[in-house]
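Since the structure comes first, as structure tokens, the remarks are kept for the end.
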Amino acid sequence: MIPAQLGLLSWLDAVALLLLLLAWQGVGLFIEHPPRNFPSVSVLMARYRRIWMSHVITREPRVFDSMIVGSLRQGTAFFASTAMIALGGGLALVGNIEQLTTLASELSLAESSKVVLEMKLILILLLVVNAFLKFVWANRIFGYCAVMLGTIPNEVDDPVGPHRCQQAAELNISAARAFNRGLRSIYFAMGALAWLVGALPLILTTLLTVAVILRREFGSQTRDVLLQGVDD
């Protein structure tokens, strides 16, 4: 174990924790604000959401659009429920920290005190809580988007129509942004589980998580498909 301590944590633990937090925030910022000539999947999907909403005004009936929004809401509800289950399991584990301490010592994974293990679990739970809040907020905004769709006039030549479509598109994009942030929190929460083993595993899983997320946003086949024919 590293002898130099920063409070209850070793300096290597502190570095690993700082790397995790910086990566979590930095990756999200880069994905949401990528270089103009190298858009992420999230940015490309935002363009398609605007295209989608621009067609709503001429589509009759609009059952198809409401079904899509309803499906998106179901996805956010599912992940919110999953986050709640994970949160409950994590809280139960914090309440039985002695068992985790015994297991860690038996496996020689980490010579950590109960307080340090609790800190590590709390970090994971905070990431899960953040994900839950993002999923719930995304669910609500998708609901607002559904309401906005209902306010689009039936008359194609109504001057209010294009503005309402634009509002619905921005609400849809905002909901998707919150949902994606929740997913990233889940990714990093899963990576943070490695901290229970030690600081070096946390550093490795953090870097791996960053690599996986960036590949999906900038180097996946999905992105190649989305790039085909997207309006600039």
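The hydrophobic cluster containing V56 does not contain I173, counting ILVMFWY residues as joined when their side-chain heavy atoms lie under 4.5 angstrom apart, directly or transitively. There is a path of hydrophobic side-chain contacts, each under 4.5 Å, that joins L121 to L87. Linking Ile, Leu, Val, Met, Phe, Trp and Tyr residues whenever their side-chain heavy atoms come within less than 4.5 Å places L20 and L214 in a single cluster. When the side chains of ILVMFWY residues are joined at heavy-atom separations under 4.5 Å, either directly or via intervening members, F132 and I85 end up in two distinct hydrophobic clusters. Using a 4.5 Å cut-off between side-chain heavy atoms of Ile, Leu, Val, Met, Phe, Trp and Tyr, with links allowed through other members, F64 and M53 fall into the same hydrophobic cluster.
In this structure, S185 and V129 have side chains that are not in contact, with every pair of non-hydrogen atoms separated by 4.5 Å or more. No side-chain heavy atom of L21 sits less than 4.5 Å from a side-chain heavy atom of Q25. Side-chain contact between L126 and N130: absent, with no pair of heavy atoms (C-beta onward) separated by less than 4.5 Å. A 4.5 Å side-chain heavy-atom check between R164 and M148 finds at least one atom pair inside the cut-off. The shortest side-chain heavy-atom distance between F188 and V210 falls under the 4.5 Å cut-off. Put simply, the side chain of F79 does not reach to within 4.5 Å of the side chain of I186, judged on heavy atoms. With a 4.5 Å cut-off on side-chain heavy atoms, W195 and L17 count as touching. Side-chain contact between W137 and T76: absent, with no pair of heavy atoms (C-beta onward) separated by less than 4.5 Å.
Nearest heavy-atom pair across P34 and S40 is CG-N, 3.7 Å. Across all their heavy atoms, L202 and G191 have their closest contact at CD1-O, 3.8 Å. Heavy-atom minimum distance, R36 versus R47: O-NH2, 4.5 Å. Between A138 and A178, the closest heavy-atom pair is CB-CB, 4.0 Å. Here the closest non-hydrogen pair linking I124 and A189 is CG2-O, 3.9 Å. Taking both residues in full, the closest heavy atoms of V43 and P39 are given as CG1-CB, 4.0 Å, listed atom of the first, atom of the second, then distance.
Residues passing the salt bridge (Lys or Arg N to Asp or Glu O under 4.0 Å) test with R59, sequence neighbours excluded: D65. Scanning for side-chain hydrogen bond (donor to acceptor under 3.5 Å, both in side chains) contacts around R140 gives Y144, with sequence neighbours left out.
Taking CG from L72 and CD1 from I141, the interatomic distance works out to 12.5 Å, rounded to the nearest 0.5 Å. Between the CG atom of L123 and the CG atom of L193 there is a distance of 9.5 Å, given to the nearest 0.5 Å. Taken from CD1 in I57 to CZ in R62, the straight-line distance is 7.0 Å, to the nearest 0.5 Å. One distance of note links CE of M84 with OG1 of T82; it measures 11.0 Å at 0.5 Å rounding. Once rounded to the nearest 0.5 Å, the distance linking CZ of R184 with CD of E32 reads 5.0 Å. Note that the CG atom of L22 and the OG1 atom of T206 stand 10.5 Å from one another [nearest 0.5 Å].
The closest donor-acceptor contact from the side chain of S54 to the backbone of I51 lies under 3.5 Å. Although no hydrogens or angles enter the test, the distance criterion places no donor-acceptor pair under 3.5 Å between the side chain of R49 and the main chain of A169. Using modelled atom types, one side-chain atom of T209 and one backbone atom of T205 make a donor-acceptor pair closer than 3.5 Å. Without hydrogens or angle criteria, N172 side chain to A168 main chain gives no donor-acceptor distance under 3.5 Å. At least one donor-acceptor pair under 3.5 Å links the side chain of Y48 to the backbone N or O of L226.
In this structure, E60 places its CD atom where more than 12 heavy-atom neighbours from other residues, nucleotides or ligands lie under 6.0 Å away. R216 CZ: 12 or fewer foreign heavy atoms inside a 6.0 Å radius.
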- Message: Let's go through Y187 and V212 carefully: what are the C-alpha distance in whole Å and the side-chain angles of both, what is the deciding distance for side chain to side chain contact (heavy atoms under 4.5 Å, CB included) to 0.1 Å, and is it a yes or a no?
- Response: CA-CA 9 Å; Y187 291 154; V212 169; over 6 Å; no

- Query: Would F179 and N139 satisfy side chain to side chain contact (heavy atoms under 4.5 Å, CB included), going step by step from the backbone distance to the final call?
  - Reply: CA-CA 8 Å; F179 181 72; N139 186 277; over 6 Å; no

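Classification of E170 and R50 as a salt-bridged pair holds, one side-chain N sitting under 4.0 Å from a carboxylate O.
E217 and S42 form a side-chain donor-acceptor contact under 3.5 Å, judged by distance and modelled atom types alone.
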